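None of these values were measured; they are calculated from a predicted model.
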Amino acid sequence: MALLKIARMGHPVLLQRAQPVEDVHSLSVRQLVLDMIETMLDSRGAGLAAPQVHKSLRLFVYHVPEGRCGPNEAPIPPRVLINPEIMPLGEEMMQCTEGCLSLPLLRGVVPRHAAVAYRGLDLDGSVIQGEARGFHANVLQHEYDHLDGILYTMRMTDFASFGYAEEFAIPRDSEG
């Protein structure tokens with residue numbers, strides 16, 4: 001496995017709609033996912049989308065660390081969603097303080113749906129689906145946005161809540 005270079009805000013790959021993964025079973029996709037998980041964990045991120053590592057593909061990796069679980073929720077180990085679909089469940093919104101590995105050291109408050117349904121494929125090509133709330137829903141929406149060329153700053157409604165993480169004293173594991 002290898003650590004991958006992360007594209008930073010301003011790189012054109014972050015502003016493009018990513019292409020569907022055609023061959024889930026290819027060795028190159030499997031290696032990309034393993035390298036992305038290693039890169040995400042090494043960078044202390046909660047998620048990482050393929051465009052963030054200069055690959056315009058519709059896949060992302062993520063996890064929910066123990067410290068970010070809500071009541072009655074268990075941590076989620078690193079996993080992948082390939083060619084994902086994310087759908088809001090209801091109208092309830094939440095305000096999420098987000099960071100991004102492509103915008104190092106910065107944080108901002110972003111409105112997100114409080115609950116989402118998700119569907120995608122794993123590395124075996126099997127369908128993964130479920131519902132997510134709280135931080136889990138936040139991470140899925142953040143990473144999915146990357147696949148459509150959207151950075152969290154594009155969703156912010158109040159730039160008074162945008163600044164350097166050390167000024168906000170927010171944990172780094174909220175980066176994606």
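Using modelled atom types, one finds a donor on one side chain and an acceptor on the other under 3.5 Å when comparing Q31 with D35.
Of the possible polar contacts, none joining the D148 side chain to the I150 backbone as a donor-acceptor pair under 3.5 Å is found. With T39 contributing its side chain and L4 its backbone, the two residues share a donor-acceptor pair below 3.5 Å.
The side chain to side chain donor-acceptor pair (under 3.5 Å) with E98 is formed by just one residue from the set R155, R112, Q141; it is R112. Only one option out of I128, V61, L123 pairs with I82 in a side-chain contact (heavy atoms from CB on, under 4.5 Å); it is L123.
Side chains of V110 and Q95 form no contact here, defined as non-hydrogen atoms less than 4.5 Å apart. Side-chain contact between M40 and H63: present, with at least one pair of heavy atoms (C-beta onward) separated by less than 4.5 Å. With contacts defined as side-chain heavy-atom distances shorter than 4.5 Å, the pair L32/K55 qualifies. A heavy-atom distance below 4.5 Å is found between the side chains of L121 and V127. Inter-residue side-chain proximity for L140 and L81 is flagged as met; some heavy-atom pair is nearer than 4.5 Å. Side-chain contact between F162 and R107 is absent, with no heavy-atom pair separated by less than 4.5 Å. Inter-residue side-chain proximity for V29 and D23 is flagged as unmet; no heavy-atom pair is nearer than 4.5 Å. Residues Q16 and P51 fail the side-chain proximity criterion, which asks for heavy atoms closer than 4.5 Å.
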Should Y62 and V80 be marked as a side-chain contact (heavy atoms from CB on, under 4.5 Å) after you check the CA-CA gap, both sets of side-chain angles, and the distance that decides it? CA-CA 7 Å; Y62 72 97; V80 64; over 6 Å; no
Given L103 and T153, is the side-chain contact (heavy atoms from CB on, under 4.5 Å) satisfied, shown in steps? CA-CA 9 Å; L103 286 80; T153 53; 3.6 Å; yes
Could you go through V109 and D158, starting from their C-alpha distance and side-chain angles, then the distance that decides it, and tell me whether this counts as side-chain contact (heavy atoms from CB on, under 4.5 Å)? CA-CA 8 Å; V109 175; D158 179 3; over 6 Å; no
Apply side-chain contact (heavy atoms from CB on, under 4.5 Å) to residues H136 and C69 and explain how you reach the verdict. CA-CA 8 Å; H136 186 192; C69 295; over 6 Å; no
Could you walk me through whether S102 and Q52 pass the side chain to side chain donor-acceptor pair (under 3.5 Å) check? CA-CA 7 Å; S102 294; Q52 290 182 274; 3.1 Å; yes
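Taking the six-membered ring for Trp and thresholds of 30 and 60 degrees, H54 and H11 have ring planes more than 60 degrees apart, a perpendicular arrangement.
Nearest heavy atoms, A117 versus L89: N-CG, 3.7 Å. The heavy-atom pair separating P20 from N83 by the smallest distance is CA-OD1, 3.4 Å. Residues A50 and M36 share a closest heavy-atom pair of N-CE, 3.4 Å. Taking both residues in full, the closest heavy atoms of R8 and P104 are given as CD-CG, 4.0 Å, listed atom of the first, atom of the second, then distance. Counting all heavy atoms, side chain and backbone alike, F60 lies closest to A49 at CB-CA, 3.7 Å. Nearest heavy atoms, A114 versus A137: O-CB, 3.9 Å.
Connection of M87 to V139 is not established within any shared hydrophobic cluster, with ILVMFWY side chains joined at heavy-atom distances below 4.5 Å, either directly or through further cluster members. Residues L27 and V33 fall into different hydrophobic clusters, defined by Ile, Leu, Val, Met, Phe, Trp and Tyr side chains chained together at heavy-atom separations under 4.5 Å. Put simply, M94 and Y152 are part of two different groups of oily side chains (I, L, V, M, F, W, Y) that touch within less than 4.5 Å, one to the next. Residues L3 and L34 do not share a hydrophobic cluster, clusters being chains of Ile/Leu/Val/Met/Phe/Trp/Tyr side chains in contact below 4.5 Å.
Atom SG of C100 sits about 8.5 Å away from atom CG of L48, to the nearest 0.5 Å. The structure places CG of N138 at 9.5 Å from CD of E143, a figure rounded to the nearest 0.5 Å. Residue L101 holds its CG atom at 5.0 Å from OG of S43, rounded to the nearest 0.5 Å. Going from atom CD of E167 over to atom CG of L105 covers 11.0 Å, rounded to the nearest 0.5 Å. Rounding to the nearest 0.5 Å gives a distance of 5.5 Å between CG of L151 and CG of L14.
Judged by the 6.0 Å distance and 45° axis criteria, R58 is positioned over the aromatic ring of Y144.
Using a 4.0 Å cut-off between a side-chain N of Lys or Arg and a carboxylate O of Asp or Glu, E131 and R133 qualify as a salt bridge.
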